[in-house]
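Each ligand, and each atom within it, is numbered from 1 in the order the structure gives. Keep in mind that what you see is a predicted model, and the values were worked out from it rather than measured.
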Amino acid sequence: MLAIDIPRPGGAGVLVPVVRPIPPLARDEILILVEAAGVNRPDVLQRRGLYPPPPGASTIPGLEVAGSVVGTGDGVSRFSVGERVCALVASGGYAEYCVAHEGHALRIPQGFGAVEAAALPETFFTVWANVFQRGRLAAGETVLVHGGCSGIGTAAILLCKAFGAAVVATAGSEAKRAACLALGANLAIDHRTQDFVEETLAFTGGRGADVIVDIVGGDYVVRNYRAAAVEGRIIQIGLMGGRVRELDLMPMLSKRLTHTGSTLRTRSVADKARIASELERDVWPLLEAGKLRPLIDGTFPLEEAARAHARMESGAHVGKIVLTTGAGRGD
Ligand SMILES: NC(=O)c1ccc[n+]([C@@H]2O[C@H](COP(=O)([O-])OP(=O)(O)OC[C@H]3O[C@@H](n4cnc5c(N)ncnc54)[C@H](OP(=O)(O)O)[C@@H]3O)[C@@H](O)[C@H]2O)c1
């Protein structure tokens with residue numbers, strides 16, 4: 001099969017098409033003929049040598065795929081050959097075939113093509129696990145979503161709105177601010193020209209945000225503490241703005257804040273399956289009813305994964321970037 005390899009850490013240009021054996025099926029796994037594979041920022045980190053795949057996982061990058069089931073391992077009960085699925089995978093998505101644990105796969109929602117379906121797993125699993133399971137976001141609360149036009153941010157805006165929260169989003173340009181509003185955000189803040197602390201406090205009448213979804217870290221941490229409401233929950237999903245050397249924790253005490261975070265890839269098989277079953281129960285019906293659709297920035301052929309990474313690193317994209325295979329394009 002055609003796949004994309006990372007022969008050495010480096011810039012987008014190190015991603016090269018290679019021919020690899022079709023991966024073998026293990027117990028409880030399905031083999032997927034991949035039509036589309038989502039691109040995520042952790043893939044960029046992996047390419048740079050900063051986010052290695054877990055021990056035993058494929059070195060081929062890619063955390064999510066959509067396509068059809070062409071093989072089932074012993075013990076598989078949820079899917080049969082021929083069914084169309086999207087799946088979360090620990091690696092191996094940038095390829096024409098990919099294996100996934102059956103518990104981490106979901107049927108492609110009715111009315112969805114492979115490209116839209118491939119854009120779901122990584123961000124929807126991450127947002128669900130962090131914002132709803134860990135952050136306990138409730139209807140009527142206010143959530144502040146940083147990086148509102150990122151893959152994670154667009155999924156967070158969509159899901160938080162769908163479950164009845166008021167959404168404040170930050171983004172890095174006027175066009176991105178408009179995109180956040182079009183996705184349903186109640187307020188969008190241009191973080192280059194506006195202070196998100198002041199704007200969030202003004203929006204909430206001085207109360208602050210009940211939940212903050214942060215992919216930035218760095219100097220945002222102390223500002224998040226100022227933008228949070230009493231009993232606020234701050235969810236650290238990424239550290240794109242760097243780590244924190246020193247931090248005044250007094251606001252955490254006085255506001256009784258909870259600051260938590262997690263990475264999806266390192267979670268157990270059972271954890272990921274639990275997230276999948278909650279998504280299937282609570283979110284899939286909304287997708288199938290046409291109430292939620294992931295925002296797609298654009299697609300690239302699998303062979304041109306390097307161009308897809310360059311697009312992501314330019315920061316110009318809004319929403320998800322997706323790779324398509326020959327099977328997906330009908331070649
Ligand atoms: N914890 C988990 O399980 C998990 C899972 C998936 C992803 N992540 C993390 O979530 C983050 C977003 O991933 P993604 O795939 O959604 O990314 P993405 O689509 O590439 O979006 C990244 C966006 O973040 C904004 N940004 C804010 N501060 C930035 C900075 N200092 N440097 C560069 N960009 C900055 C930029 O938008 P503006 O121009 O609008 O500022 C940029 O376009 C990454 O840190 C990723 O590692 C975590």
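Using a 4.0 Å heavy-atom criterion, the residues that approach ligand 1 are Asn40, Arg41, Pro42, Leu45, Glu122, Thr126, Ser150, Gly151, Ile152, Ala171, Gly172, Lys176, His191, Arg192, Ile215, Val216, Ile237, Gly238, Met240, Gly241, Ser262, Thr263, Leu264, Met312, Gly315, His317.
In this structure, Arg265 satisfies the cation-pi test against Tyr51, with its NZ or CZ atom closer than 6.0 Å to the six-membered ring centre and inside 45 degrees of the ring normal. At least one test fails for Arg20 against the ring of Tyr97: distance under 6.0 Å to the centre or angle within 45° of the axis.
At a threshold of 4.5 Å between side-chain heavy atoms, the hydrophobic network of Ile, Leu, Val, Met, Phe, Trp and Tyr places Tyr225 and Leu201 in one connected group.
Taking the six-membered ring where tryptophan is involved, the planes of Phe196 and Tyr220 are tilted, since the angle between them lies from 30° to 60°.
Looking at Glu102, its side chain does come within 3.5 Å of a backbone N or O of Ser77 through a donor-acceptor pair.
Salt-bridge formation is detected for the pair Glu303/Arg329: a Lys NZ or Arg NE/NH1/NH2 atom is positioned less than 4.0 Å from an Asp or Glu carboxylate oxygen.
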